[in-house]
Amino acid sequence: MDNKDLRFNSKTIHGGQQPDKAYGAVMPPIYQTSTYAQTSPGKHLGYEYSRSANPTRTALEKSLASIENGKYGLAFASGLAAIDAVLKLLRPGDEVISTNDLYGGSYRLFKQVFEGYGIVFRFIGMQEANNIREYINDNTKLIWVETPTNPMMNIIDIKAISNIAKKEKVLLAVDNTFATPYLQTPLDLGADIVMHSATKYLGGHSDVVLGALVVKEEELANKLYFIQNASGAVSGPMDSFLVLRGIKTLHVRMQRHCENGEKIARFLKKHSKVDKVFWPGFEDHPNHGVAKDQMNGFGAMISFVPKGGCYEDAIKIVERLKIFTLAESLGGVESLAGHPASMTHASIPKEEREKSGIVDALIRLSVGIEDVDDLIEDLEQSLEK
Ligand code: P1T
């Protein structure tokens, strides 16, 4: 059977994979080498130098392409390195329309690095897809969407945005880090580029930093491969192996993440000490209908604001947690709690942050796959004190 025809839960394990040619190893070996022997200049077994390509990275790139229903995968040293490669498709004067609620590091890369090279960024709310129309002009070359957004869990209608992008001949890139291809496949909804911080759910074990891009179009893939090789922020063999291993259990982990996420979200929503909870699975979430249409579940990322919440309340709550670890990042098997205003989104000026709802009292949870009753008890003790 061609790997392309497999269902998602088999693609995570077999997609794009073949036993290693040397000894039939079932898992691709970690080809920890920088270079490859040539019998004559340019005559080799397919690899010349590990910045250009490495067999372990190739195995991961094929897996990424398979699970995202794309054709070409590219692995980078981090999620931000993957975003950096996309932005290098642009030229001074080009404009980007981006969701106004996004990972603080992405915002920092846009504003503090690429604005310096003459790229113009417009950060807007995209919950109503038509909002983007008035920001599109002849210079607009890229629309950057995170959905669900980090950390407000806004849902953007990928198909609706893609219809507008296609008509206007603007590239659409979707950061699929929070959803993963288990929950949504943006390329099937019309996106041109899907991006991942594979550091999160794809790796899944909080032991690796890695980024990914997946595309369908050959011309776009070649431009990105050129940038990947020319700029050189590639993932190393060991890190590529770890993410490939992580992907093999993505579907079972995500299933439990989603089950636990839903229980925690509903627990928080009815808790007397909690004011607001942000999770796309709630029937009253503003874009719940879109989430139901474009996702196969609602994920395990949840943000909330404690009642009467101020900065100090939020800090006390996260400090008291015992099973949730206070840490940056998300998507690992273990539950994490974060304080976006002072951690992941601290690089966004307070005024900008608050416009999209990232108030000082906001707490973000990455619900892991522990026994959910232990997680609920932990939140209970932390909120009750
Ligand atoms: O950390 P890195 O692998 O470079 O990925 C950056 C990135 C990109 N996109 C999204 C949606 C992300 O959440 C991240 C990284 N985020 C965190 C570290 C965090 O705790 O939110």
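All ligand and atom numbering here is 1-based and tracks the order in the structure.
At under 3.5 Å, not a single nitrogen or oxygen of T344, backbone or side chain, sits near a nitrogen or oxygen of ligand 1.
Counting heavy atoms under 4.0 Å from ligand 1, residue L330 touches it through the side chain alone. Contact annotation: for L80 versus ligand 1, heavy atoms closer than 4.0 Å belong to both the backbone and the side chain. Proximity of R364 to ligand 1, defined as any heavy-atom pair under 4.0 Å, is confined to the side chain (atoms from C-beta onward).
Look at K350 and D360 and you find a salt bridge, because one of the NZ, NE, NH1 or NH2 atoms lies within 4.0 Å of a carboxylate O, short of that distance.
Protein heavy atom closest to atom 6 (C) of ligand 1, with residue, atom name and distance, is Y103 CE2, 3.5 Å. Taking atom 3 (O) of ligand 1 as the reference point, the nearest protein heavy-atom neighbour is T199 OG1, 2.6 Å. Of the protein's non-hydrogen atoms, D175 OD2, 3.2 Å is the one closest to atom 11 (C) of ligand 1. The protein heavy atom nearest to atom 13 (O) of ligand 1 is N150 ND2, 3.0 Å. The shortest contact between atom 5 (O) of ligand 1 and any protein heavy atom is with S197 OG, 3.0 Å.
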Please test K11 against N69 for side chain to side chain donor-acceptor pair (under 3.5 Å), starting from the C-alpha separation and ending with a verdict. CA-CA 10 Å; K11 279 188 187 178; N69 295 341; 2.6 Å; yes
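Checked against a 6.0 Å centroid threshold, the rings of Y201 and F178 do not count as neighbours.
Which of E328, E146, H196, K200 comes nearest to atom 18 (C) of ligand 1 through a heavy atom is settled by distance: it is K200.
Checked options Y135, F110, W144; the residue passing with F121 is F110 (criterion: ring-ring contact (aromatic ring centres under 6.0 Å, His included)).
No side-chain donor from either of T35 and E48 sits under 3.5 Å from a side-chain acceptor of the other. With 3.5 Å as the limit, one finds a donor-acceptor pair spanning the side chains of E61 and Q228.
Here the CG atom belonging to L242 is positioned 7.0 Å from the CD1 atom belonging to I30, to the nearest 0.5 angstrom.
Inter-residue side-chain proximity for Q38 and H44 is flagged as met; some heavy-atom pair is nearer than 4.5 Å.
Heavy atoms of G211 come nearer than 4.0 angstrom to ligand 1 in no pair at all.
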